Amino acid sequence: MTGSLTIRGAWTAARENCARGCFCYHASWRLFRRTGLKGNPRWHSAFYQRALAGRQPSEALVCGSSDETMPQVLTELQPSMRITVADSCPTPLVLINAWAKETGVQVAALQSEAPELCGIAGPFDLVVTDGLLSLLPGPADRQAVLARLAGLLSDDGLLLYTTRVAGLAGHLEYDRIGRVGQALTATTWPATSAERMDLARQRLRRPSRPSPFASQNQIASVFRSRFGQVRVFTRSAPPTAALALHPAFLTGRGSVCVGIAATRPRRP
Ligand SMILES: C[S@@+](CC[C@H](N)C(=O)[O-])C[C@H]1O[C@@H](n2cnc3c(N)ncnc32)[C@H](O)[C@@H]1O
């Protein structure tokens with residue numbers, strides 16, 4: 001396996017490429033994904049399979065991809081699909097290019113930030129994004145991203161959005177472990193020790209990101225403003241053993257995986 005595709009390789013790529021704001025996230029991402037503690041596109045594979053049934057998209061855009069997992073999942077579903085990945089940080093692009101080189105899969109990986117998505121030209125018959133709306137500052141930013149993605153779709157194109165909604169516990173499982181892990185990662189940030197400690201303290205103190213959505217219906221209604229047809233898929237079974245063993249799932253208060261399949265884009 002190529003160096004960049006290991007946990008250590010991802011950490012090294014993050015040290016070389018990330019800005020302060022995303023270093024802790026990208027440097028620790030592969031560890032959290034592999035341990036099954038944090039949600040990733042593989043948790044939504046069954047949704048992608050169902051939503052793509054009867055379709056054979058040839059041009060796909062992935063908007064935001066922490067590492068190579070999303071293009072990997074899409075390629076497994078449809079090997080001939082040409083995939084473009086846009087991410088605001090160079091680190092995922094380094095990992096995706098390493099994966100593409102190792103597997104021979106053709107992927108165009110571009111540093112580009114939504115909603116502008118400079119350098120990205122459609123039409124795409126498939127646009128996929130996982131969790132991106134929760135990372136945006138407010139409702140206007142979410143609308144701007146959805147408008148741009150809708151504008152990049154072909155008339156019969158399909159947009160797939162996946163995320164998780166916290167259960168009755170109010171926050172996603174392993175959030176605290178995630179923060180501690182990111183704080184420890186901050187101590188390896190290539191900066192002065194004062195800057196590293198400042199970043200670590202900030203990660204520890206940062207309250208868990210309040211999700212903008214409390215239910216699948218709230219998510220669907222955001223998509224209905226931009227698409228003529230919106231289907232909602234949910235899955236409440238724990239996607240990994242780590243989640244199955246979490247107290248939230250053991251007491252019936254676990255998070256829910258949500259998939260949105262949107263078609264008939266309304267032009268901005
Ligand atoms: C969208 S989520 C994807 C998470 C998902 N677990 C995955 O593995 O695909 C996180 C990714 O989005 C990127 N990102 C965050 N905001 C973005 C934006 N406005 N435009 C493009 N990429 C963005 C981050 O750099 C990160 O790599």
Side-chain angles (χ1 to χ4, degrees), residues 4-5 7 10-11 13-14 16-45 47-48 60-77 83-99 107-120 126-149 152 159-164 172-175 178 181-182 185 209 211-213 219 239-240 243 255 257-260:
S4 298
L5 299 180
I7 289 170
W11 170 76
E16 287 168 2
N17 297 287
C18 278
R20 184 183 194 272
C22 66
F23 169 73
C24 299
Y25 172 80
H26 283 127
S28 61
W29 173 250
R30 188 167 275 140
L31 173 66
F32 283 119
R33 172 169 70 72
R34 293 221 175 131
T35 48
L37 299 182
K38 289 206 174 185
N40 70 82
R42 227 164 250 296
W43 293 13
H44 302 283
S45 293
F47 159 68
Y48 297 131
L61 170 69
V62 176
C63 185
S65 187
S66 310
D67 64 7
E68 70 285 357
T69 311
M70 184 67 94
Q72 199 171 41
V73 166
L74 294 180
T75 303
E76 285 164 15
L77 287 171
I83 301 175
T84 300
V85 179
D87 198 286
S88 51
C89 171
T91 297
L93 310 178
V94 168
L95 308 181
I96 289 164
N97 283 332
W99 169 77
V107 181
L110 273 87
Q111 185 175 6
S112 186
E113 182 159 7
E116 295 80 9
L117 289 177
C118 296
I120 304 290
L126 177 66
V127 171
V128 184
T129 179
D130 175 44
L132 181 63
L133 298 187
S134 297
L135 304 180
L136 302 171
D141 306 276
R142 291 192 277 280
Q143 282 299 337
V145 167
L146 280 192
R148 177 73 171 117
L149 295 180
L152 284 167
L159 184 143
L160 299 180
Y161 181 67
T162 46
T163 189
R164 281 194 300 151
L172 295 177
E173 295 80 17
Y174 298 112
D175 173 72
Q182 289 204 5
T185 307
R209 188 192 303 279
S211 168
F213 308 113
I219 305 173
T240 63
L243 256 69
S255 58
C257 287
V258 178
I260 300 283

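In listed order, ligands and their atoms are each counted from 1. Computed from a prediction, not measured in an experiment: that's the story for all the values here.
Given atom 16 (N) of ligand 1, the protein heavy atom at minimum distance is L132 CD1, 3.7 Å. Scanning the protein heavy atoms around atom 4 (C) of ligand 1, the nearest turns out to be S66 OG, 3.2 Å. Atom 15 (C) of ligand 1 has as its closest protein heavy atom L135 CD1, 3.7 Å. Scanning the protein heavy atoms around atom 24 (C) of ligand 1, the nearest turns out to be D87 OD1, 3.5 Å. The protein heavy atom nearest to atom 20 (N) of ligand 1 is A114 N, 2.9 Å.
Only the side chain of P92 comes within contact range of ligand 1, with a heavy atom under 4.0 Å; no backbone atom does. Contact annotation for P41 and ligand 1: only side-chain heavy atoms (C-beta onward) come within less than 4.0 Å of the ligand. With a heavy-atom cut-off of 4.0 Å, D130 touches ligand 1 through backbone and side chain alike. At a heavy-atom distance under 4.0 Å, only side-chain atoms of H26, from C-beta outward, approach ligand 1.
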*Between W99 and V107, does a side-chain contact (heavy atoms from CB on, under 4.5 Å) hold up when you go through it step by step?*
CA-CA 9 Å; W99 169 77; V107 181; 3.7 Å; yes
*How far apart are the C-alpha atoms of S65 and D87, what are their side-chain angles, what is the distance that settles it, and do they pass the side-chain hydrogen bond (donor to acceptor under 3.5 Å, both in side chains) test?*
CA-CA 6 Å; S65 187; D87 198 286; 5.9 Å; no
*For C63 and L132, what are the C-alpha separation, side-chain angles and deciding distance, and is it a side-chain contact (heavy atoms from CB on, under 4.5 Å)?*
CA-CA 8 Å; C63 185; L132 181 63; 3.6 Å; yes
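Between S88 and ligand 1, an N or O atom pair is found at a separation short of 3.5 Å. In terms of N/O distances under 3.5 Å, ligand 1 is not approached by D67. Checked by distance only, ligand 1 and N40 stay at 3.5 Å or farther apart across all their nitrogen or oxygen atoms. Where the criterion is an N or O separation shorter than 3.5 Å, residue side chain and backbone included, G131 fails it with respect to ligand 1.
Heavy-atom separations between G39 and ligand 1 include at least one value shorter than 4.0 Å.
Rounded to the nearest 0.5 angstrom, L31 CG and T185 OG1 are separated by 7.5 Å. Rounded to the nearest 0.5 Å, atoms CG (D67) and CG (L5) are 9.0 Å apart. Atom CD1 of I260 and atom OG1 of T129 lie 12.5 Å apart (nearest 0.5 Å). We find the CD1-CG distance between I120 and L110 to be 4.5 Å, quoted to the nearest 0.5 Å.
Applying the 4.0 Å criterion to heavy atoms of Y25 picks out, from ligand 1, the atoms 4 (C), 10 (C), 26 (C).
Q111 places no side-chain N or O within donor-acceptor distance of the main-chain N or O of C89, the cut-off being under 3.5 Å.
Heavy-atom minimum distance, R30 versus I7: CD-N, 3.9 Å.
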